[in-house]
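The figures that follow rest on heavy atoms only: side chains count, while hydrogens, waters and symmetry mates do not.
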Amino acid sequence: QVQLAESGGGSVQSGGSLSLSCAISGFGYGSYCMGWYRQAPGQAREGLASLDTDGHKNYGDSAKGRFTISLDNPKAILYLQMNDLKPEDSAMYHCAAAACYIIDKTFDTYKPEFGRWGQGTQVTVST
């Protein structure tokens, strides 16, 4: 069974960068689409970026132009490079793996029970 573990979060000043990692373990993850999501306290979960099995990438409005999703297949690590961070980017960041039709149709409404879900890594951006 596929398991996910995020790392790389932390505290950074506005305008700074962070690179989040999602270590993937388990057999058969190559058949899943992958995504990055975030949720701040009291706010709805937000889809940031997704990657399908053909390498096509999709970004949410908050991520476009600032965030980049990538996958290192040999290392089985999903990355989210985040640049020009803003205080409103402060949230818990999660990676997910699920069937591609689920990732496609539930970008901003994805729920952890739809597939595999990591425990999250906290990002805090200060002014």
Asks: What distance do Cys22 atom SG and Asp72 atom CG have between them, rounded to the nearest 0.5 Å?
Replies: 12.5 Å
Asks: Closest approach of Gly115 and Tyr110, non-hydrogen atoms and distance?
Replies: N-OH, 3.3 Å
Asks: Considering all heavy atoms of both residues, which atom of Ile69 and which atom of Gly35 are nearest to each other, and what is their separation?
Replies: CD1-CA, 4.5 Å
Asks: Do side-chain atoms of Arg116 reach the backbone of Ala96 as a donor and acceptor pair under 3.5 angstrom?
Replies: no
Asks: Please say yes or no: joined through hydrophobic side-chain contacts below 4.5 Å, possibly via intermediate residues, are Met82 and Tyr37 part of one cluster?
Replies: no
Asks: Do you know the tightest heavy-atom contact between Ser14 and Pro87?
Replies: OG-CD, 3.8 Å
Asks: Test Asp61 against Lys64 for salt bridge (charged side-chain N to carboxylate O under 4.0 Å, His left out), laying out the working first.
Replies: CA-CA 5 Å; Asp61 289 341; Lys64 288 178 182 175; 3.4 Å; yes
Asks: Considering all heavy atoms of both residues, which atom of Ser19 and which atom of Tyr79 are nearest to each other, and what is their separation?
Replies: OG-CD2, 4.2 Å
Asks: Grouping I, L, V, M, F, W and Y whenever their side-chain heavy atoms are under 4.5 Å apart, do Leu80 and Val123 come out in a common cluster?
Replies: yes
Asks: Which pair of non-hydrogen atoms, one from Met34 and one from Ala97, has the smallest distance, and what is that distance?
Replies: SD-CB, 3.5 Å
Asks: Answer yes or no: is there a donor N or O on one side and an acceptor on the other, between the side chain of Glu46 and the main chain of Asp108, under 3.5 Å?
Replies: no
Asks: Do the side chain of Asp52 and the main chain of Asp54 share a donor and acceptor less than 3.5 angstrom apart?
Replies: yes
Asks: Spell out, as yes or no, whether a donor-acceptor pair under 3.5 Å connects the side chain of Gln3 to the backbone of Gly26.
Replies: no
Asks: So, taking the atom named CG in Leu20 and the one named CD in Gln81, what distance separates them when rounded to the nearest 0.5 Å?
Replies: 8.5 Å
Asks: For atom CD of Glu113, decide whether the heavy atoms of other residues, nucleotides or ligands shown that lie under 6.0 angstrom number more than 12.
Replies: yes
Asks: Do Leu48 and Leu51 belong to the same hydrophobic cluster, where Ile, Leu, Val, Met, Phe, Trp and Tyr are linked whenever their side-chain heavy atoms lie under 4.5 Å apart, directly or via other members?
Replies: yes
Asks: Taking Met92 as the starting point, is it possible to reach Phe67 by hopping between hydrophobic residues whose side chains are less than 4.5 Å apart?
Replies: no
Asks: Taking the ring of His94 and the ring of Trp117, is the distance between their centroids below 6.0 Å?
Replies: yes
Asks: Could you walk me through whether Thr53 and Ser31 pass side chain to side chain contact (heavy atoms under 4.5 Å, CB included), step by step?
Replies: CA-CA 7 Å; Thr53 53; Ser31 63; 5.7 Å; no
Asks: Do Ser25 and Gln1 come close enough that some side-chain heavy atom pair is under 4.5 Å?
Replies: no
Asks: Are Tyr32 and Ile102 linked, directly or through other ILVMFWY residues, by side chains that come within less than 4.5 angstrom of each other?
Replies: no
Asks: Out of curiosity, Asp104 CG to Cys33 SG, how far, rounded to the nearest 0.5 Å?
Replies: 6.0 Å
Asks: Would you give the length of the straight line joining atom OG1 of Thr68 to atom CH2 of Trp36, rounded to the nearest 0.5 angstrom?
Replies: 13.0 Å
Asks: If you count the non-hydrogen atoms of other residues, nucleotides and ligands that lie under 6.0 Å from NZ in Lys57, is the total more than 12?
Replies: yes
Asks: Test your reading of the model: is there a side-chain donor-acceptor pair from Ser90 to the backbone of Thr124, 3.5 Å cut-off?
Replies: no
Asks: Do Phe114 and Thr106 have side chains that approach each other closer than 4.5 Å (heavy atoms only, starting at C-beta)?
Replies: yes
Asks: Any donor-acceptor pair under 3.5 Å linking the side chain of Glu6 with the backbone of Cys95?
Replies: yes
Asks: Are side-chain heavy atoms of Ile24 and Leu71 found at a separation under 4.5 Å?
Replies: yes
Asks: About how many Å separate OG of Ser50 and CD1 of Ile103, when rounded to the nearest 0.5 Å?
Replies: 7.0 Å
Asks: Once you round to the nearest 0.5 Å, how far does CZ of Arg66 lie from CG of Asp84?
Replies: 6.0 Å
